[in-house]
Amino acid sequence: RAMADVKPNHTIYINNLNEKVKKEELKKALHAIFTQFGEIVSIMAFKTLRMRGQAHVVFKEISSSSAAMRAMQGFPFYDKPMRIQFSREDSDMIAKLKGTYVERPKKSAGRVQKKPKAQKKAARAAVVGGGGAARGEDGGPSQPNKILFCTNLPDETTPDMLRLLFQSFPGLKDIRMVPNRTGIAFVEFDTEAEAAPARHSLNNFKITPNQQMKVDFAKK
């Protein structure tokens with residue numbers, strides 16, 4: 001109804017989000033699922049009573065925000081279908097950002113993550129987690145398996161965040177984190193044939209602006 005009179009712009013407005021999810025986890029999960037559509041300048045989510053269950057995602061390109069809105073409309077995110085429309089407030093926000101992100105895209109993209117500490121931890125996890133994957137690849141690619149081995153995940157990754165990424169592939173059966181080890185997880189599908197496309201699509205997927213998830217077949 002009201003959507004028709006809002007022109008396409010850089011910012012999408014999402015509501016009907018699960019209010020139980022912590023703000024920082026919500027922002028990371030939104031980044032993980034929307035980064036496939038293009039560079040994200042900023043993600044805003046607020047925990048005030050009036051703004052609960054809502055978020056704004058600002059893309060660098062209008063083509064990205066349009067594609068994201070089309071593809072993710074009604075997407076089950078933490079068990080609730082997302083409702084997405086173009087934001088009415090885009091003009092003010094983008095006016096402020098335009099000058100910055102044309103000349104210095106790195107700086108404004110960094111605004112998504114406010115915690116340098118978390119970044120350092122993630123970088124350490126990348127070194128620890130990435131080592132396992134690299135060793136596995138020495139003997140050539142792993143044999144196909146219905147279980148995928150994910151490494152180089154941020155410390156704060158949860159099974160729910162991974163489920164959001166993998167549930168678009170048919171046959172998803174189970175997601176297991178490894179107790180007392182951050183940065184790695186196993187994702188099981190019903191068959192090898194169903195696991196293969198997920199591995200192909202999500203290997204090297206940028207799960208945060210500066211961290212790529214590695215996905216390989218688990219050793220049999």
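Every heavy atom of this structure was used, including side-chain atoms; hydrogens, water molecules and symmetry mates were not.
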For this session: Check the pair D190, K146 against salt bridge (charged side-chain N to carboxylate O under 4.0 Å, His left out), reporting the backbone distance first and the verdict last.
Result: CA-CA 7 Å; D190 288 327; K146 65 180 182 177; over 6 Å; no

Exercise. Residues in salt bridge (charged side-chain N to carboxylate O under 4.0 Å, His left out) with E192, at least two apart?
Worked result: K220

So, for [X] and [Y], which heavy atoms are closest and what is the spacing to 0.1 Å?
X: A195; Y: N145; value: CB-O, 3.5 Å
X: K27; Y: I43; value: CE-O, 3.4 Å
X: Y78; Y: D160; value: CE2-CB, 3.6 Å
X: M161; Y: E25; value: SD-CG, 4.0 Å

Any donor-acceptor pair under 3.5 Å from [X] side chain to [Y] backbone:
X: S65; Y: I62; answer: yes
X: T157; Y: P154; answer: yes
X: N203; Y: V215; answer: yes
X: Q211; Y: N152; answer: yes

Exercise. Can L26 and L17 be said to form a side-chain contact (heavy atoms from CB on, under 4.5 Å), step by step?
Worked result: CA-CA 9 Å; L26 182 75; L17 294 170; 4.2 Å; yes

Exercise. Are the side chains of F149 and F186 in touch, meaning some heavy atoms are under 4.5 Å apart?
Worked result: yes

Solution key, residues 164-178 side-chain donor-acceptor pairs under 3.5 Å, sequence neighbours excluded:
unit_1	atom_1	unit_2	atom_2	d
Q167	NE2	P76	O	3.0
D174	OD2	R176	NH1	3.0
R176	NH1	E188	OE1	3.1

Exercise. Can you tell me how far the NZ atom of K80 sits from the NZ atom of K20, to the nearest 0.5 Å?
Worked result: 7.5 Å

Problem set entry | Residues forming a ring pair (Phe, Tyr, Trp, His ring centres under 6.0 Å) with F75, sequence neighbours excluded | none

Exercise. Shared ILVMFWY cluster between F86 and I84, side chains joined below 4.5 angstrom?
Worked result: yes

Exercise. Run the side-chain contact (heavy atoms from CB on, under 4.5 Å) check on F217 and Q143 step by step: do they pass?
Worked result: CA-CA 7 Å; F217 294 115; Q143 291 300 305; over 6 Å; no

For this session: Verify the ring-centre separation between F59 and H10: is it less than 6.0 angstrom?
Result: no

Problem set entry | Short side-chain donor-acceptor distance under 3.5 Å, N204 and K214 | yes

